[in-house]
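Handing you this structure, nothing more for now.
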There are 2 protein chains.
Amino acid sequence: MSIANSLTVDDLGSAAQRDRRKRILDATYELASEGGFDAVQMRAVADQAEVALGTLYRYFPSKIHLLVSALGREFERAEALLREKPIPGDTAAERVIFVLKKTTRGLQGDPHLTEALTRAFMFADSSVAHEIHSVGMLMTSMLTHAMHPGVTDLTEDDVAIARVIGDVWLSALVAWVTGRSTAAETGAHMENAVHLLLRD
Amino acid sequence: MSIANSLTVDDLGSAAQRDRRKRILDATYELASEGGFDAVQMRAVADQAEVALGTLYRYFPSKIHLLVSALGREFERAEALLREKPIPGDTAAERVIFVLKKTTRGLQGDPHLTEALTRAFMFADSSVAHEIHSVGMLMTSMLTHAMHPGVTDLTEDDVAIARVIGDVWLSALVAWVTGRSTAAETGAHMENAVHLLLRD
DNA sequence: GACATAATAGGAACACGTTCCACTTCGTCC
DNA sequence: GGACGAAGTGGAACGTGTTCCTATTATGTC
């Protein structure tokens, strides 16, 4: 009993909280992946994560926070994947397009999930500013890394260009998830924008 | 009575519908201007427009349609205003920045309204594609007009540049209405982007 | 081990977008 | 001017995000 207890104590504590948080984000991910934004219903997330509704709201104060946090986790994964291998391409433009296409392809492979996460990102207000900022930084960092691999002291122009590309990427993604443009148009538009911005 | 009837027939008919539509959009505008997206409640709009809830939904099938239509009306006004006078500035970049700043200043003068309309625009799905497309075309046309006043045969690059600037503008607006960046940052970012894209 | 505090469960209740229905009024056609 | 379909009214009802409350369980302290 004491052993069981000590084990329990080890497994629970803040580990229990990490576990709950993970279960919640996993449930969010799964529901979003199956049915998009509308399918991520707070009661459904709570049920699937085996957590009470009140607990869900204790961990994530709103549906938007929940989805943006899930988006953040996805971006961290994508960024980690990108860091594993050097980015192919001889010019900054080629490398940036590679990163954009790879990331976009990943997102478009799971349209419902992407719809849910993009919607949430676009609908967030200032109370989610912190989470949004993390995602924005990750995106900018992915892009500057593609532009100048290994370089740490970036010029203001580099950062500005990365931000503009990020803006275009977001807009294109929104147009795509809302069914206003096709995947091909999205890709072409992003490629255009990169060539306009990185003429080297 | 027959005179009254004929008058009534003239005043009502589709004129009554135009009037209802206008009252609804006016109510939307006023509520949005006072309290933003959340304050535009369908029951409140219906009350203020002196229209039944079912009638409101007959004219605009969702809150998003309603707000995007209101946004469209605002853009038409802004575009008409711009067409009145020639755009000052010696270079394309100067003229584009003038247009962006003027339009943005107009929007930022009514933050709640802008928040409501931008939210709706970003949250729209494919069922609102038609209305969104109108707004997008207006924006692109305003920007190409600023780049090349009076020119009608634009190159693909011109249109692509206008679209990228539009994307940046939207992203900046979203960041601003969601409290993630200040008006000054928004302006600076847009100015940066224009200079990156229009180096003439 | 007993207790104080915090976290969770379970679920009722509320708000607002949306749908639906029964009834009335309007516009049109004979 | 009577009949008929379309449009409008008024309001109930439903779904889902969010809040709130009480009972129960876990955690940390003496």
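Within every chain, numbering begins at 1; the chains are lettered A, B, ... in the order of the sequence lines, protein sequences first and strands thereafter. Since the model is a prediction, treat every value here as computed from it, not as a measurement.
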Fill in: Sorted by number, the residues of residues 30-55 of chain B with heavy-atom contact under 4.0 Å to DNA chain D
Arg43(B), Glu50(B), Val51(B), Ala52(B), Thr55(B)

Item to complete: Measure from CZ on Arg20(A) to C1' on dA7(C) and round the result to the nearest Å.
Response: 8 Å

Worksheet item: Between the side chains of Thr144(B) and Asp158(B), does any donor sit under 3.5 Å from an acceptor?
Response: no

Worksheet item: Between Lys101(A) and Glu191(A), is the closest basic N to carboxylate O distance under 4.0 Å?
Response: yes

Discussion item. Between Thr104(B) and Trp169(B), do the side chains contain a donor N or O and an acceptor N or O under 3.5 Å apart?
Written reply: yes

Under 3.5 Å, side-chain donor or acceptor atoms of residues 59-69 of chain B against the rest of the protein: list the pairs with distances, not counting sequence neighbours.
unit_1   : atom_1 : unit_2    : atom_2 : d
Ser62(B) : OG     : Ile64(B)  : N      : 3.3
Ser62(B) : OG     : His65(B)  : N      : 3.1
Ser62(B) : OG     : His65(B)  : ND1    : 2.9
Lys63(B) : NZ     : Phe37(B)  : O      : 3.0
Lys63(B) : NZ     : Val40(B)  : O      : 3.0
His65(B) : NE2    : Ser127(B) : O      : 3.0
Ser69(B) : OG     : His65(B)  : O      : 2.8

Worksheet item: Roughly how many Å is it from CZ in Phe60(B) to P in dG17(C), rounded to a whole number?
Response: 16 Å

Worksheet item: How many Å lie between CZ on Arg23(A) and C1' on dA9(C), as a whole number?
Response: 12 Å

Worksheet item: Rounded to the nearest Å, what distance is computed from the CG atom of residue Asp19(A) to the P atom of nucleotide dA26(D)?
Response: 14 Å

Worksheet item: What's the CD1-P distance between Ile64(A) and dG17(D), to the nearest Å?
Response: 10 Å

Worksheet item: How do Ser62(A) and Tyr59(B) order along DNA chain D: which one's closest nucleotide is nearer the 5' end?
Response: Tyr59(B)

Worksheet item: Can you find a side-chain donor-acceptor pair between Thr114(B) and Gln108(B) that sits under 3.5 Å?
Response: no

Item to complete: Find out whether Arg119(B) and Thr178(B) are in side-chain contact, i.e. whether some heavy atom of one side chain is under 4.5 Å from a heavy atom of the other.
Response: yes

Discussion item. In this structure, how many angstroms lie between the P atom of dG17(C) and the NZ atom of Lys63(A), rounded?
Written reply: 15 Å

Practice prompt. Round to a whole Å and report the spacing from CZ of Arg58(B) to P of dG5(D).
Written response: 16 Å

Worksheet entry | Between dG10(D) (C1') and Tyr57(B) (OH): distance, integer Å | 15 Å

